[in-house]
2 protein chains.
Amino acid sequence: MALNRDRVLHAAVALADDNGIDALSMRNLAQELGVVPMALYKHVANKEQLLDGMVDAIVAEIDPPATDGTDWKPAVRQRILSARKVLLRHPWASRVIESRATPTPAVLDYINSLIGMFLAGGFSLPLTHQVMHTLGSRMWGFTQELFPSPPVTDPEAAAAAMAMLGARWPHIVQIATAGAHTEGGLIVGGGCDDQFEFEFALDLLLDGFDRLHREGWAATSR
Amino acid sequence: MALNRDRVLHAAVALADDNGIDALSMRNLAQELGVVPMALYKHVANKEQLLDGMVDAIVAEIDPPATDGTDWKPAVRQRILSARKVLLRHPWASRVIESRATPTPAVLDYINSLIGMFLAGGFSLPLTHQVMHTLGSRMWGFTQELFPSPPVTDPEAAAAAMAMLGARWPHIVQIATAGAHTEGGLIVGGGCDDQFEFEFALDLLLDGFDRLHREGWAATSR
DNA sequence: ACCTGAACACCGTTCAAGT
DNA sequence: ACCTGAACACCGTTCAAGT
């Protein structure tokens, strides 16, 4: 079977899914496809374009927008949560999306349609501009993880580690345990950017947008 | 003058400031210091630890928290805007902070003190947990830029590019021009993540936190 | 039109050796 | 204790050549 752009892109996505984005080199990818590295360059100009193509491939997996006449808020909410589901299947994707120098057509389609939802909801152009900036990377359904969770070792070791941390950073330990999704335990679970955290932040933003919209927000400082 | 950890770290920061983070290789850095690459490994275990040290160095530039008995909101606001000023001086820093596998002590200090401000303001532990997650990378004073601004060429070319974009992504062009900080012009300025956008988002978040706090928010779904 | 082989200019990092 | 030289196992990408 002949090599073509689609085969290259899908092999790249599979390789990144399975072995992580660091394992994705032109040389590894070529080997996976049973081909010499230079063969790839007939279908993809360079590595940057390969990454662009991978982003396009997975953005295509996001559900299309709801077409019925639903309110902007549930429509936006559902679309973003659908994007989130896709990104959860491809853990490397958030980082790659952020790293792209110029957006791909599929990315522009997604952004364009999201903007369209706010405008259809009656949002003014300036407010929609601010809203899109405020959403930021959350429009893709992910949040930058800022409490990197320690590798899950045995509970005893984790508790000991927490105690040590607490000596110097007491508030961090308080907060970590306050949010631990274990039944009353002290252990910080693996990864806090879960559905609850994400939806909390998303709803806080959407409610804020709603409020500003109803109050007829207009930029005052210019 | 002998090489030491501080000299290595500060040379690395200067190199990244001047030539971009991509130009920072162990080999380039060694050359900058007039030394053979392997000499660096006596002061820094590997490149990851070099990057950690660089983050520590610039986090130290953030103003200390206000110690007077000000309200949590202006205190948090001022601290985050101070972090933003630091990151603006080191454009590579946001990306490097996000990429660290485990946080450095200076990073933990910063997070810990920010949490302390909310707690001092009377926030409950669970709410503070959610609040910190919602802040996300915005606690460092930056927003992931999602409308990469085209390189500033001549206005005519920019207008033509906008017209082409508008054919397929009309909403994006509408929004871009609605936010352009030029006097009524059509050109998207270079970089939209400016002070106005950032403070808008920050204040929307802080106001949302304030509201939830006053309403006595408690996690309902667990 | 598509793939190959050999080469170039880079990486981070090791090891054994020098002073 | 600190720095060096040579080497290893990688990168992305070029060029000229093969089929």
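Residue numbering restarts at 1 for every chain, and letters A, B, ... go by the order of the sequence lines.
- Atom CG of B:L29 is separated from atom C1' of C:dT13 by 15 Å (rounded to the nearest Å).
- Of the nucleotides present, D:dT14 is the one that pairs with C:dA6 by Watson-Crick or G-U wobble criteria, both distances under 3.5 Å.
- A:Q49 contributes a side-chain N or O that, together with a main-chain N or O of A:A45, makes up a donor-acceptor pair within less than 3.5 Å.
- A:R5 places its CZ atom 18 Å from the C1' atom of C:dA1, with the value rounded to the nearest Å.
- Among C:dC3, C:dC11, C:dT13, the nucleotide with an atom closest to any side-chain atom of B:S25 is C:dC11.
- In this structure, of D:dG12, C:dT13, D:dT4, it is D:dT4 that holds the atom nearest to the side chain of B:A39.
- Taking atom CD of B:E48 as the reference point, atom C1' of C:dC11 lies 14 Å away to the nearest angstrom.
- A:Q78 is not listed as a side-chain neighbour of A:D63, based on a closest heavy-atom distance of 4.5 Å or more.
- Between B:H43 and D:dC2 there is no side-chain N or O to OP1 or OP2 distance below 4.0 Å.
- We find that CE of A:M26 is positioned 13 Å from C1' of D:dT14, with the value rounded to whole Å.
- With rounding to whole Å, A:K47 atom NZ is found 16 Å from C:dC11 atom P.
- Under the 4.5 Å side-chain criterion, counting only non-hydrogen atoms from C-beta, A:I58 is in contact with A:L87.
- Residue A:L51 contributes atom CG, which lies 10 Å from atom P of D:dG12 at whole-angstrom precision.
- Judged by closest nucleotide on DNA chain D, B:V35 is the one of A:Y41 and B:V35 placed further toward the 5' end.
- Geometric assessment of A:R84 against the ring of A:F142 yields a negative cation-pi assignment under the 6.0 Å and 45° thresholds.
- Side chain of B:R27, nearest nucleotide from C:dC2, D:dT13, C:dC11: C:dC11.
- Side-chain nitrogen and oxygen atoms of B:N28 include at least one within less than 4.0 Å of the OP1 or OP2 phosphate oxygen of C:dC11.
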Please evaluate residues A:E61 and A:K85 with respect to the criterion salt bridge (charged side-chain N to carboxylate O under 4.0 Å, His left out), reporting the C-alpha separation (whole Å), side-chain torsions for both, the decisive distance (0.1 Å), and the verdict. CA-CA 9 Å; A:E61 294 178 22; A:K85 267 195 251 170; over 6 Å; no
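- The CG atom of B:D22 sits 14 Å away from the P atom of D:dG12 (whole-angstrom rounding).
- The B:K42 side chain lies nearest to D:dC2 when the options are D:dC2, C:dC3, D:dG12.
- Where A:M38 and A:A23 each meet DNA chain D at their nearest nucleotide, the meeting point lying more 5' is that of A:A23.
- Following rounding to the nearest Å, B:R7 (CZ) and D:dC3 (C1') show an atom-to-atom distance of 13 Å.
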